[in-house]
Structures are given as C-alpha cells and as structure tokens.
**Student:** 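The structure is given below, and queries will be raised subsequently.
All values below were derived from every heavy atom in this structure, side-chain atoms included, with hydrogens, water molecules and symmetry-related copies excluded.
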Amino acid sequence: FEVLQMFRRFETDVYKDVQSIALFKFLFFMFMSSHLFGCIWWWLAGMNNFDCETWVGQYLPYFLEVDEEALSLNNGTNYASSEEVPCDANFLDLYNINNLGKAYELTFFWGWNSLTNLGYSDIVPRIYLEMIYACFLLLFQVIFYSYILALGFNFIFKKDEKEENNKRILHTLELYGQTRNLPP
C-alpha cells in the first residue's frame, strides 16, 4: 500500500505539521471507507437486479422522481403511476439512473450514510446478504466511533509535547540564571 507508506514518510518528516497530516489521513480514510462501503452496497443490490427489495429499490421511490418516459416503456407495459410498478421492474431505468455519475452519487451517499449512521435508517435491509453486511457495518461503526472518541480524548487531555518541552527548557534556563546570579 503506497498510500500508507506516503503517510509514514509525512509523519516522520520534521518539517510537516503532524496535526494536518492526521486530519488529512482521517478525511482520506472517511472518503475511501464511504467509497468501499457504497460499492459493496451497490454490488449487493445488483446481485438482486436492483428490485424493490434492495436498498436501491427502497430508496429511489422516496427521494427521486420517476422518469415518466421510462415508466411507460418499461417492459412494454404502461403504468399509470409509480405505485403500480411491480417489484421485479428495473428501478435503475425507472428513475433514470443510467449513467455512472448518478449511480456513483447514489452509491457514495449510501456508503457515507452507512459509515455515519449507527443503525438507524428509514431504509432497512430486506435481503439476507444485505442484512449480514449491515451487521458487519454496525460492528465497524462501533469500532470506528470508539477510535474517534479515543482520538478526541487524547487530543483534549494530552499535554502538548512541544509546549511541555519549551517549559522545561525555560525552567532549566531560569535555574541556570539563578545559580549564576544573572539578572532576570
């Protein structure tokens, strides 16, 4: 993993700000985790042809408008409204999610939602594999939030090493000045 090696090089470089590197590393981790989680969610929905039982089929009717042309052309059947669409209809066509940009936007959002939403959602997994994956993500979230809290407490309660070192040097200089009877 070249990215990890790059972060190690940055962290050992004395001229780089460690806090900025830590923030960048955290944001990079958040982005890549959301990407990975979203792609796995998309893959699981694709295994079930993006039907109404998948998270895609549950999500799209609530948040996107049906493409009326696709609604009338789907399988040669004219549907009067989106409520009449059968569960095995192709939801990607019905909601005009036919380009990679829209699909990735939806996928990344769902991955981010999976990372930041500890088990509460209006959309729940109904397919067995999605349920197993959701349980894995819940475990990951507990570990992730524990890590974030530990970092936060460490940042709040840990004394700044540079400041402590500067205080120690100043104290040593004051003692040296006092023993030599130097003016303050």
**Student:** Does Phe136 belong to the same Ile/Leu/Val/Met/Phe/Trp/Tyr cluster as Ile127, with side-chain heavy atoms less than 4.5 Å apart forming each link?
**Tutor:** no
**Student:** How long is the span from the CG atom in Leu138 to the CD1 atom in Ile143, to the nearest 0.5 Å?
**Tutor:** 11.5 Å
**Student:** Between the main-chain N or O of Trp41 and the side-chain N or O of Glu130, is there a donor-acceptor pair closer than 3.5 Å?
**Tutor:** no
**Student:** Can you tell me how far the CD1 atom of Ile21 sits from the NZ atom of Lys25, to the nearest 0.5 Å?
**Tutor:** 8.5 Å
**Student:** Any heavy-atom pair between the side chains of Tyr133 and Trp43 that's under 4.5 Å?
**Tutor:** no
**Student:** Between atom CG of Leu115 and atom CG of Leu36, what is the distance when rounded to the nearest 0.5 Å?
**Tutor:** 10.5 Å
**Student:** Would you please classify the geometry between the Trp42 ring and the Trp55 ring as parallel, tilted or perpendicular, with 30° and 60° separating the classes?
**Tutor:** perpendicular
**Student:** Check whether any side-chain heavy atom of Thr116 sits under 4.5 Å from a side-chain heavy atom of Trp112, and report yes or no.
**Tutor:** yes
**Student:** Given the side-chain rings of Tyr147 and Phe26, with only the six-membered ring counted for Trp, is the space between their centroids under 6.0 Å?
**Tutor:** no
**Student:** Kindly assign one of parallel, tilted or perpendicular to the pair Phe37 and Phe140, based on the angle between their ring planes and the thresholds 30° and 60°.
**Tutor:** perpendicular
**Student:** Mind checking the CG-CD1 spacing from Leu44 to Ile40? Nearest 0.5 Å is all I need.
**Tutor:** 7.5 Å
**Student:** Let me see the working for Phe24 and Phe10 under ring-ring contact (aromatic ring centres under 6.0 Å, His included), right down to the final yes or no.
**Tutor:** CA-CA 11 Å; Phe24 179 74; Phe10 285 159; 8.0 Å; no
**Student:** Of all residues at least two apart in sequence or in a different chain, which pass the side chain to side chain contact (heavy atoms under 4.5 Å, CB included) check with Ile132?
**Tutor:** Tyr128
**Student:** Restricting to pairs with a member in residues 171-183, which pass side chain to side chain donor-acceptor pair (under 3.5 Å), not counting sequence neighbours?
**Tutor:** none
**Student:** Do the rings of His35 and Tyr104 sit parallel, tilted or perpendicular, given the 30° and 60° boundaries?
**Tutor:** tilted
**Student:** Apply side-chain contact (heavy atoms from CB on, under 4.5 Å) to Leu106 and Trp110, showing your working.
**Tutor:** CA-CA 6 Å; Leu106 179 65; Trp110 200 252; 5.8 Å; no
**Student:** Relative to each other, are the rings of Phe7 and Phe28 parallel, tilted or perpendicular (30° and 60° limits)?
**Tutor:** perpendicular
**Student:** Heavy-atom distance under 4.5 Å between the side chains of Glu53 and Gln58, does that happen here?
**Tutor:** no
**Student:** Rounded to the nearest 0.5 Å, how far apart are CZ of Phe144 and CG of Leu139?
**Tutor:** 14.0 Å
**Student:** How many angstroms lie between atom OG1 of Thr54 and atom CE of Met47, to the nearest 0.5 angstrom?
**Tutor:** 12.0 Å
